[in-house]
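Worksheet: the structure to be examined is printed underneath.
Keep in mind the model is a prediction, meaning the values are calculated, not measured. Chain identifiers are assigned alphabetically (A, B, ...) following the order of the sequence lines, protein sequences preceding nucleic acid strands; residue numbering begins at 1 within each chain.
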2 protein chains.
Amino acid sequence: MTPRTRRPERRTEALSRERIVQAAVELLDSTGEAGLTFRALTEHLATGPGAIYWHVKNKGELLAAATDAVVAAALAAGPAGSAGSPPDEIRAVALGLFDAIDEHPWLAPQLATQFSRSSGESVALRIMERVGQPVRALGVPASGQFTATFALVHYILGAAGQNAANRAAVRGLGPGFERDGYIDAVVTTWEALDPGDYPFIRGIAGRVRDHDDRAEFLAGVDLILAGITAVQLPAGRAGGGRP
Amino acid sequence: MTPRTRRPERRTEALSRERIVQAAVELLDSTGEAGLTFRALTEHLATGPGAIYWHVKNKGELLAAATDAVVAAALAAGPAGSAGSPPDEIRAVALGLFDAIDEHPWLAPQLATQFSRSSGESVALRIMERVGQPVRALGVPASGQFTATFALVHYILGAAGQNAANRAAVRGLGPGFERDGYIDAVVTTWEALDPGDYPFIRGIAGRVRDHDDRAEFLAGVDLILAGITAVQLPAGRAGGGRP
DNA sequence: ACCTGAACACCGTTCAAGT
DNA sequence: ACCTGAACACCGTTCAAGT
């Protein structure tokens, strides 16, 4: 085996926290969470571990910074404080996060963890704020904003994470197998379950075939939006359905 | 330091997969996910790593088995296929998972991962089934059962995980500080945010003080139930509010 | 101030060897 | 069939030393 393409022996640009975080994101994207090691990082950056520790406190902080960078970019993608109605704004943010997690599957567990430390972690706050603003604009009274926002955020992160994992599983089967092969395998497994124990799963197994991931995801968002409208909004203030 | 209480040198009971999984759960409960190592397990069980590998394929399988055991117990707690109306049944399952995750905080990331491999992991299937059955009983048409069930499940797991992490953070502050101290710290952090960037968070900061975790969690479940009723149920078939 | 790289403690896993 | 325990490859982190 000849050595594959490798960074120049001596790095030209000076090291910086920003460059390290960027390298971490690249590594996470190409090799997954398990692939982010200080060894791989030092090779990628043509340096030693001590140099990285000079800019970054430890691996946890590095993961948090990588998460932060990617999510910030995703949330900034849609023009901030943009034009649409509150429901449209919520759908746009949801799709932005959905796509970001789809592109960077390692984000899902990271966000779930980050998000649970609500005290002051910046990513969690940014996401809550971005979803909470349109919830407020919807007319939800102060007493219900918390519940509504968290219901949306938890659904968004959970569903997006599952989608990303599914797609990663399809890719993991390698070429030859495509999406359909994977779906078939899932359907077969589900239909082999004991009908006495799993009536529900068996009932929906067939429908998974013509299942559009993005559409299904948005249907869930709309379901929760409908719940917000039904529970939290004074009658007459309809939330606005899809155009 | 004198050696603390330790298992007898020679174990009396024979090793078994069941005993190993049980020891793993105990270790996870007492020392968290990072505390589950083959070294600690080996000491706890008075054996060598090879013995454990005889019964269990690797660490991943052990974690999955531990998750499975705890969740199965939690889902079995409420009398299976119990009496209540479908919404009550959904609330009961939700609370059962909420409590299980509260007692075993390591479950949250584990379930999030497990759940994303929807193909055939037993825990994920069990949870989907347990939530899906009452969703179906609610009268949701087949086309909407998938969306409704996943919206519920993702919310339940996400919200329960966040709750567990928050409570773990409170415990982490040690005695002296209690829940109030932690909440105060969060409120202070939130109120120190730039009002231009974080109008929403600052708006709800005060309300976190008299926030009942369980009630808030159930309010989210009810919100989604209301959405299901509004979107999926033919008019006239109301979902049934709280008694 | 910023970087080097050897060294440390610890981890999951394997495997020849025992009973 | 079931268990032992030394050994292996690898990991995050530290730190004396250099510039």
Side-chain angles (χ1 to χ4, degrees), chain A residues 1 3-4 6-67 106 109-110 113-114, chain B residues 1 3-4 6-67 106 109-110 113-114:
Chain A
M1 293 220 185
R4 39 271 164 85
R6 182 177 295 187
R7 301 274 144 153
E9 290 285 314
R10 247 186 160 273
R11 112 187 70 85
T12 60
E13 276 176 278
L15 218 48
S16 69
R17 190 184 153 97
E18 198 187 13
R19 267 183 57 75
I20 293 171
V21 170
Q22 170 200 329
V25 170
E26 287 169 16
L27 217 42
L28 285 163
D29 286 346
S30 59
T31 57
E33 180 162 358
L36 178 64
T37 68
F38 277 82
R39 258 89 174 165
L41 210 48
T42 61
E43 202 181 327
H44 199 86
L45 291 167
T47 181
I52 295 174
Y53 276 94
W54 176 261
H55 294 276
V56 154
K57 197 179 169 197
N58 53 35
K59 191 176 181 181
E61 195 192 278
L62 182 55
L63 269 165
T67 304
W106 50 271
Q110 217 50 42
T113 309
Q114 250 0 40
Chain B
M1 292 220 186
R4 37 266 161 91
R6 180 177 295 186
R7 302 273 144 157
E9 290 285 313
R10 249 186 158 274
R11 117 187 64 84
T12 60
E13 277 175 276
L15 219 48
S16 70
R17 190 182 152 96
E18 198 189 12
R19 266 183 58 75
I20 292 171
V21 170
Q22 170 201 328
V25 170
E26 287 170 14
L27 217 41
L28 286 164
D29 286 346
S30 59
T31 57
E33 181 162 359
L36 178 64
T37 69
F38 276 81
R39 258 85 175 168
L41 208 50
T42 260
E43 202 180 327
H44 200 86
L45 291 166
T47 181
I52 296 174
Y53 276 94
W54 177 260
H55 296 276
V56 154
K57 198 179 169 196
N58 53 34
K59 191 177 180 178
E61 195 192 279
L62 182 55
L63 268 165
T67 304
W106 50 271
Q110 218 50 42
T113 310
Q114 251 359 40

Gap between atoms CZ and P, on A:F38 and D:dG12 respectively (whole Å): 7 Å
Crowding at CD, A:E18 (>12 non-hydrogen neighbours, <6.0 Å): no
The side chain of B:A51 lies closest to which of these nucleotides: D:dG12, C:dC3, D:dT4? D:dT4
Given D:dA6, D:dT13, C:dT4, identify the nucleotide with an atom nearest to the side chain of A:Y53. D:dT13
Tell me: CD of A:E43 to C1' of D:dG12, nearest whole Å? 17 Å
Ignoring hydrogens and geometry, is there a side-chain-to-backbone donor-acceptor pair from A:K59 to A:L36 under 3.5 Å? yes
Tell me: CG of A:L62 to C1' of D:dC11, nearest whole Å? 15 Å
For DNA chain D, whose closest nucleotide is more 5', that of A:T37 or that of A:G50? A:T37
Are B:L62 and B:N58 packed together at the side-chain level, in the sense that at least one heavy-atom pair is separated by less than 4.5 angstrom? no
If pairing means Watson-Crick or G-U wobble with both distances under 3.5 Å, then the partner of C:dC15 is D:dG5
Describe the nucleic acid contact of B:L36 in one word from base, sugar-phosphate, nothing, applying a heavy-atom distance below 4.0 Å. sugar-phosphate
Could you tell me how far apart B:N58 (CG) and D:dA9 (P) are, to the nearest whole angstrom? 20 Å
Looking only at side-chain N and O atoms, does B:H55 come under 4.0 Å of OP1 or OP2 in D:dA1? no
Whole-Å distance, A:K59 NZ to D:dT13 P, equals 8 Å
Complement of D:dC10, any strand, by Watson-Crick or G-U distances under 3.5 angstrom: none
Could you tell me the separation between the CZ atom of B:R39 and the P atom of C:dT13, rounded to a whole number of Å? 11 Å
Tell me if a side-chain donor or acceptor on A:T42 pairs with a main-chain N or O of A:R39 at a distance below 3.5 Å. yes
Whole angstroms only, please: what is the CG-P distance between A:L45 and C:dC3? 11 Å
Return the value, rounded to whole Å, for the distance between atom CD1 of B:I52 and atom C1' of C:dC15. 16 Å
Residue pair B:W106 / B:V25, side-chain heavy-atom distance below 4.5 Å: yes
Looking at D:dT13, C:dC2, D:dA1, which one has an atom nearest to any side-chain atom of A:W54? C:dC2
